[in-house]
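Notes to accompany the following structure.
None of these values were measured; they are calculated from a predicted model.
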Amino acid sequence: MNMKKLATTFWLLLASCPLRAIGDEPSALDKLLPVRGFCIAAPSPEGLDEFVGFIENELAPRSINTLILRVDYGYQYTSRPELSSPGGLSRADAGKLAAACKKHGIRLIPQVNLLGHQSWANHVGRLLQVHPEFDETPWVKMPEKPPSWPNPDRLYCKSYCPLHPEVHDVVFALMDEICDAFEADAFHAGLDEVFYIGEDECPRCGGKDKAELFAGEVARIRDRLALKGRRMWMWGDRLLDGETTGLGEWEASTNDTHRAVDLIPKDVVICDWHYNRAEPTAAYFALKGFDVVTCPWKNGDAAVIQLQDVLNLRDRASKATRKRALGMVQTVWTSADRFLDQLKGGRPDREGRGDQRPDRTESQCFKTLYEAVGKLKTDSPAATGEEKP
């Protein structure tokens with residue numbers, strides 16, 4: 001192994017560890033459930049102080065040690081000022097959030113959606129607004145009203161073309177800047193729900209293997225992050241076979257990207273999301289050699305079962321497999337402001353998305369999951385570090 005590869009491996013191993021002071025021994029809870037996470041959109045500058053209070057008064061007391069912050073284009077970028085949001089977070093704001101997380105031993109992982117999710121409803125996102133030449137499907141025009149599903153164009157969200165010769169100069173600049181601003185040793189690249197990839201009409205991608213295209217994009221992002229010792233996180237749905245598993249085209253892939261699971265680097269962390277049922281796919285990713293976290297949304301009952309599945313995997317699997325099941329990450333898909341209102345008993349979840357039962361909300365799932373985490377017995381062999389064969 002050459003020195004450059006050895007150094008990259010060292011930094012990626014270091015980046016995989018929970019955030020603790022050098023020399024600190026992991027707690028019993030850290031040994032039992034290494035990642036106790038929370039994923040949410042970044043706050044607005046106006047909501048920054050309240051969000052810092054949320055970190056201190058809600059996340060830290062629940063022993064949450066990982067915060068995935070979906071920044072996307074809500075930031076005042078200087079590396080690519082054409083993509084900057086004047087009303088977004090500033091470098092100073094990012095530093096304030098990083099300091100609050102560091103104070104409480106919380107690892108902050110920023111996210112910018114790459115490849116897919118370059119539009120929403122009937123609006124093109126900031127990247128394709130400014131750089132329409134990156135659009136994988138420029139012939140698909142955005143409708144006046146949010147499209148229903150299915151529709152003739154199979155439009156859900158637009159993607160950028162992974163083979164466009166200039167796209168990575170742009171998105172990698174954003175990625176580097178956001179990691180620097182949040183003092184992050186890891187980055188979440190999104191990559192979920194990619195319906196447009198390798199389209200026949202694309203002059204660069206047409207006719208190419210979609211799994212290889214997807215894997216190539218993952219590898220490019222991973223390699224860029226590794227240059228600065230940062231680790232890549234991503235959603236796992238495109239790596240699951242939607243037909244074989246019966247999970248369908250949302251929680252898994254029906255456009256052949258699932259074969260990329262055997263083509264991408266194994267040091268990528270997979271965020272395995274299932275929101276209605278406790279699907280056992282974390283074990284699949286762990287057996288494939290990936291570190292994996294399980295991600296619920298609104299169903300607290302399912303979240304508790306998912307937690308137990310992770311604990312069972314960490315307790316009963318082989319030594320090589322059990323260490324890859326890192327833990328849990330609660331996801332939130334409303335704005336930060338709305339979620340904080342929910343938590344205080346205010347406005348309900350955004351209407352029209354997902355399970356609308358009144359007892360199934362993001363805030364309730366969050367409370368249910370971390371109440372269960374708080375009740376975990378930390379005197380088990382897994383928590384005390386007792387080795388199993």
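At a cut-off of 3.5 Å, with distance as the only test, no side-chain donor of His274 or Asn276 sits close to an acceptor on the other residue. In summary, the side chains of Thr334 and Glu362 do present a donor paired with an acceptor at a separation below 3.5 Å, with no hydrogens or angles considered. Counted by atom type alone, Asp272 and Thr281 present one or more donor-acceptor pairs between their side chains at under 3.5 Å. When only modelled atom types and interatomic distance are considered, Glu133 and His131 share a side-chain donor-acceptor pair under 3.5 Å. For His188 and Gln111, the side-chain atoms include at least one donor-acceptor pair closer than 3.5 Å. Side-chain atoms of Asn255 and Ser253 form a donor-acceptor pair, as typed in the model, at a separation below 3.5 Å.
Heavy-atom neighbours of Lys266 NZ from other residues, nucleotides or ligands within 6.0 Å: above the threshold of 12. Counting non-hydrogen atoms of neighbouring residues, nucleotides and ligands closer than 6.0 angstrom, the CD atom of Gln129 exceeds 12 such neighbours.
Using bins of under 30°, 30° to 60° and over 60° for the plane-to-plane angle, the ring pair Trp120/His117 lands in the parallel bin. Using bins of under 30°, 30° to 60° and over 60° for the plane-to-plane angle, the ring pair Tyr156/Trp250 lands in the perpendicular bin. Aromatic ring pairs are classed by plane angle as parallel below 30°, tilted from 30° to 60° and perpendicular above 60°; the pair Phe54 and Phe366 is tilted. By the 30° and 60° cut-offs, the orientation of the rings of Trp333 relative to Tyr275 is tilted.
Hydrophobic clustering, with ILVMFWY side chains joined whenever heavy atoms are under 4.5 angstrom apart, groups Val218 together with Val261. Under the 4.5 Å side-chain heavy-atom criterion for grouping Ile, Leu, Val, Met, Phe, Trp and Tyr, Trp297 is not connected to Ile305 through any hydrophobic cluster. Residue Tyr284 is not grouped with residue Leu313 when hydrophobic side chains (ILVMFWY) are merged at heavy-atom distances under 4.5 angstrom, including chains of intermediate members. Phe285 and Leu287 fall into different hydrophobic clusters, defined by Ile, Leu, Val, Met, Phe, Trp and Tyr side-chain heavy atoms under 4.5 Å apart, directly or through other members. The cluster map of Ile, Leu, Val, Met, Phe, Trp and Tyr, joined by side-chain heavy atoms under 4.5 Å apart, puts Val304 and Val35 in different clusters.
Using a 4.0 Å cut-off between charged side-chain N and carboxylate O, Glu371 and Lys375 make a salt bridge. Contact check on Arg238 versus Asp192 returns no salt bridge, with no Lys/Arg side-chain nitrogen under 4.0 Å from an Asp/Glu carboxylate oxygen. Arg224 and Asp176 are joined by a salt bridge, as a carboxylate oxygen and a charged side-chain nitrogen come within less than 4.0 angstrom of each other. Glu50 has a carboxylate O that lies under 4.0 Å from a charged side-chain N of Lys344, or vice versa, which qualifies the two as a salt bridge. Classification of Asp30 and Arg36 as a salt-bridged pair holds, one side-chain N sitting under 4.0 Å from a carboxylate O. Using a 4.0 Å cut-off between a side-chain N of Lys or Arg and a carboxylate O of Asp or Glu, Arg154 and Glu249 qualify as a salt bridge. Taking 4.0 Å as the cut-off between side-chain N and carboxylate O, Asp185 and Arg231 do not count as a salt-bridged pair. Under the 4.0 Å criterion applied to side-chain N and carboxylate O atoms, Lys158 and Asp135 are assigned as salt-bridge partners. Look at Lys323 and Asp291 and you find no salt bridge, because none of the NZ, NE, NH1 or NH2 atoms lies under 4.0 Å from a carboxylate O.
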Starting from the C-alpha separation in whole Å, work towards a yes-or-no answer on salt bridge (charged side-chain N to carboxylate O under 4.0 Å, His left out) for Glu56 and Lys103. CA-CA 9 Å; Glu56 295 178 340; Lys103 176 183 176 182; 3.7 Å; yes

Tyr196 vs Tyr160, test: ring pair (Phe, Tyr, Trp, His ring centres under 6.0 Å). Steps then yes/no. CA-CA 9 Å; Tyr196 285 152; Tyr160 65 68; over 10 Å; no

Asp49 vs Lys96, salt bridge (charged side-chain N to carboxylate O under 4.0 Å, His left out): CA-CA, chis, key distance, verdict: CA-CA 9 Å; Asp49 289 340; Lys96 189 171 183 177; 2.5 Å; yes

Apply the test side-chain hydrogen bond (donor to acceptor under 3.5 Å, both in side chains) to residues Thr78 and Glu177: give CA-CA distance (whole Å), side-chain angles for both, the deciding distance (0.1 Å), then the verdict. CA-CA 8 Å; Thr78 58; Glu177 181 177 354; 3.1 Å; yes

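Contact detail for Ala121 and Pro147: the closest heavy-atom pair is O-CD, 3.5 Å. Here the closest heavy-atom approach between residue Ser79 and residue Ala173 is recorded as OG-O, 3.4 Å.
The shortest side-chain heavy-atom distance between Pro138 and Pro132 does not fall under the 4.5 Å cut-off.
Among Val268, Leu115, Ile264, Leu191, the one residue that satisfies the side chain to side chain contact (heavy atoms under 4.5 Å, CB included) test with Ile221 is Leu191.
Listed for the Arg230 side chain is no donor-acceptor partner under 3.5 Å among the backbone atoms of Ala226.
The distance from atom CH2 of Trp139 to atom CD of Glu201, rounded to the nearest 0.5 Å, is 4.5 Å. Taken from CG in Asp209 to CZ in Phe214, the straight-line distance is 13.0 Å, to the nearest 0.5 Å. Trp233 CH2 to Cys39 SG: the interatomic distance, rounded to the nearest 0.5 Å, is 10.0 Å.
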